[in-house]
Amino acid sequence: MTNSLHIPFDFDRRDVTRLFVRKLQALGLSQPEALLCAYQVWTEWATASAEWRPLKLTMGDNPSDYLWGRDDLTHIIEGYCVGYKGEPGGLILAALESGFILIEQRSDVKGLVLAGFWNINVHLDPQYKTIQQRGGVARAQKQLHAESLKLGAQQSSLITEQTSLALEGNKPAKEEEKNLCALIIRLDRICGKPMRLSRDYSETLIRDALDVTRRFTHDQIRVVETYLLASRENPEVVKDPARILAEFPQHLKNAEEFGQ
């Protein structure tokens with residue numbers, strides 16, 4: 001079943017699990033109760049269907065100084081663990097100190113990840129695609145790429161003067177001009193934007209598109225486009241072609257992590 005929870009075959013023998021269990025025992029739980037809590041943390045992560053869980057409060061570098069009792073996520077996780085009756089934050093701290101749960105910062109927000117969980121439970125991600133679905137996305141991307149090259153050649157002839165002005169001193173070759181236009185056309189299509197008129201090709205847009213086509217390989221660009229196609233229903237994925245081009249390295253990183 002695609003919704004089933006997968007746990008490591010050596011779950012109770014993993015170093016992080018054993019250390020977490022010992023720390024919970026020091027808080028007053030029996031060995032079976034502590035092991036059950038460890039399992040229930042995994043179950044809670046599966047229920048949330050999220051790899052990374054953002055913390056609402058600002059925290060410093062030392063987890064023990066954080067006011068865990070004031071964060072909603074603490075109460076959600078600890079409340080899920082039947083048998084834990086300690087002070088709010090005690091279970092979370094034990095999990096962090098043992099490496100069972102890790103703190104990971106994304107952008108300017110810190111959050112929690114469960115060590116080893118997502119490697120074997122990626123199927124629980126709402127954005128997860130089966131092999132058949134990924135094949136459909138790949139075919140759509142291939143067709144879009146072919147169409148965009150034809151449109152890119154037409155569009156590049158219409159914006160030659162704008163391109164020359166935008167890239168004065170760094171004028172692209174004709175093939176580069178076609179490719180940057182094709183890239184913009186593909187991103188517009190993927191993001192559900194209407195066909196862009198020649199006057200809508202701003203200097204910044206042209207510069208960023210040329211930079212992407214020069215700095216990144218065809219395969220890297222394809223990885224990002226396939227990721228965007230597969231994630232169109234995810235509200236957290238950027239749908240602005242200008243932003244995608246300006247922040248391309250970050251989107252490539254997201255795409256590579258998504259494909260793992």
Side-chain angles (χ1 to χ4, degrees), residues 2-24 27 34-82 84 86 88-129 223-224 227 230-231 234-238 247 249-260:
T2 56
N3 292 328
S4 59
L5 169 65
H6 297 168
I7 66 172
F9 69 92
D10 60 344
F11 181 74
D12 58 338
R13 299 193 302 275
R14 296 191 316 156
D15 288 342
V16 292
T17 303
R18 294 167 71 174
L19 182 54
F20 181 37
V21 166
R22 287 201 296 270
K23 286 183 175 294
L24 289 178
L27 293 175
L35 187 58
L36 177 60
C37 276
Y39 175 80
Q40 287 172 325
V41 172
W42 274 61
T43 305
E44 200 284 325
W45 240 262
T47 302
S49 295
E51 173 196 17
W52 176 80
R53 315 285 294 281
L55 294 164
K56 292 186 177 180
L57 299 179
T58 302
M59 65 175 295
D61 295 329
N62 189 348
S64 62
D65 293 336
Y66 183 59
L67 301 175
W68 291 105
R70 296 187 182 180
D71 199 291
D72 293 343
L73 188 55
T74 298
H75 295 278
I76 292 171
I77 296 172
E78 294 185 345
Y80 206 93
C81 296
V82 177
Y84 178 72
L91 183 148
I92 297 295
L93 263 180
L96 288 168
E97 291 171 353
S98 64
F100 194 80
I101 289 177
L102 306 171
I103 294 174
E104 184 175 309
Q105 182 160 334
R106 299 189 179 182
S107 298
D108 57 348
V109 179
K110 289 185 178 180
L112 302 182
V113 294
L114 184 55
F117 177 86
W118 219 246
N119 293 339
I120 58 176
N121 285 289
V122 68
H123 60 286
L124 297 177
D125 185 349
Q127 302 304 316
Y128 174 73
K129 303 292 182 182
V223 165
V224 172
Y227 160 68
S231 307
N234 185 348
E236 296 182 2
V237 175
V238 175
E247 304 166 357
Q250 181 59 51
H251 293 289
L252 177 58
K253 179 182 177 183
N254 294 343
E256 291 173 338
E257 291 175 349
F258 178 81
Q260 289 177 354

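The chain is numbered in sequence order, starting from 1.
Of the inter-residue distances, the one linking Leu36 atom CG with Cys81 atom SG reads 8.0 Å to the nearest 0.5 angstrom. Between atom CG of residue Leu55 and atom CG of residue Asp71 there is a gap of 5.0 Å, rounded to the nearest 0.5 Å. Taken to the nearest 0.5 Å, the OG1 atom of Thr47 stands 10.5 Å off from the CD atom of Gln40.
Partners of Glu97 under the side-chain contact (heavy atoms from CB on, under 4.5 Å) rule, at least two apart in sequence or in another chain, are Lys23, Leu93. Shown here are the salt bridge (Lys or Arg N to Asp or Glu O under 4.0 Å) partners of Lys253, two or more places apart in sequence or in another chain: there are none. Here Pro54 pairs with Trp52, Val109 under the side-chain contact (heavy atoms from CB on, under 4.5 Å) rule; sequence neighbours left out.
In this structure the side chain of Leu102 never reaches within 4.5 angstrom of the side chain of Leu112, judged on heavy atoms. In this structure, the side chains of Thr17 and Leu35 come closer than 4.5 Å at one or more pairs of heavy atoms. Looking only at side-chain heavy atoms (C-beta outward), Leu5 and Thr43 come within less than 4.5 Å of each other. For the pair Ile76 and Glu44, the minimum side-chain heavy-atom distance is below 4.5 Å. You'll find the side chain of Val113 stays beyond 4.5 Å of the side chain of Trp45, heavy atoms only. Residues Tyr39 and Asp12 fail the side-chain proximity criterion, which asks for heavy atoms closer than 4.5 Å. Looking only at side-chain heavy atoms (C-beta outward), Tyr66 and Ile92 stay at 4.5 Å or farther from each other. Between Arg14 and Arg18, the closest side-chain pair of non-hydrogen atoms is not below 4.5 Å.
Looking at every heavy atom in both residues, Phe100 comes nearest to Ala38 through CZ-O, 3.5 Å. Across all non-hydrogen atoms, the minimal contact from Val16 to Ser98 is CG1-O, 3.5 Å. Taking both residues in full, the closest heavy atoms of Gly90 and Leu27 are given as O-CD1, 3.9 Å, listed atom of the first, atom of the second, then distance.
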- Task: Report the C-alpha distance between Glu104 and Arg53 in whole Å, list the side-chain angles of each, state the deciding distance to 0.1 Å, and finish with yes or no for salt bridge (charged side-chain N to carboxylate O under 4.0 Å, His left out).
- Result: CA-CA 9 Å; Glu104 184 175 309; Arg53 315 285 294 281; over 6 Å; no

- Message: Would His251 and Val238 count as a side-chain contact (heavy atoms from CB on, under 4.5 Å) here? Give the steps.
- Response: CA-CA 9 Å; His251 293 289; Val238 175; 3.6 Å; yes

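A donor-acceptor pair under 3.5 Å links the side-chain atoms of Thr74 to the main chain of Trp68, judged by distance alone. One N or O on the side chain of His75 and one on the backbone of Gly69 form a donor-acceptor pair closer than 3.5 Å. Put simply, the side chain of Glu78 never gets that close to the backbone of Tyr84: no donor and acceptor are under 3.5 Å apart.
Within 6.0 Å of CG on Asp15 lie no more than 12 heavy atoms contributed by other residues, nucleotides or ligands.
Exactly one residue among Phe117, Tyr80, Phe20 makes a ring-ring contact (aromatic ring centres under 6.0 Å, His included) with Trp42. That residue is Phe117.
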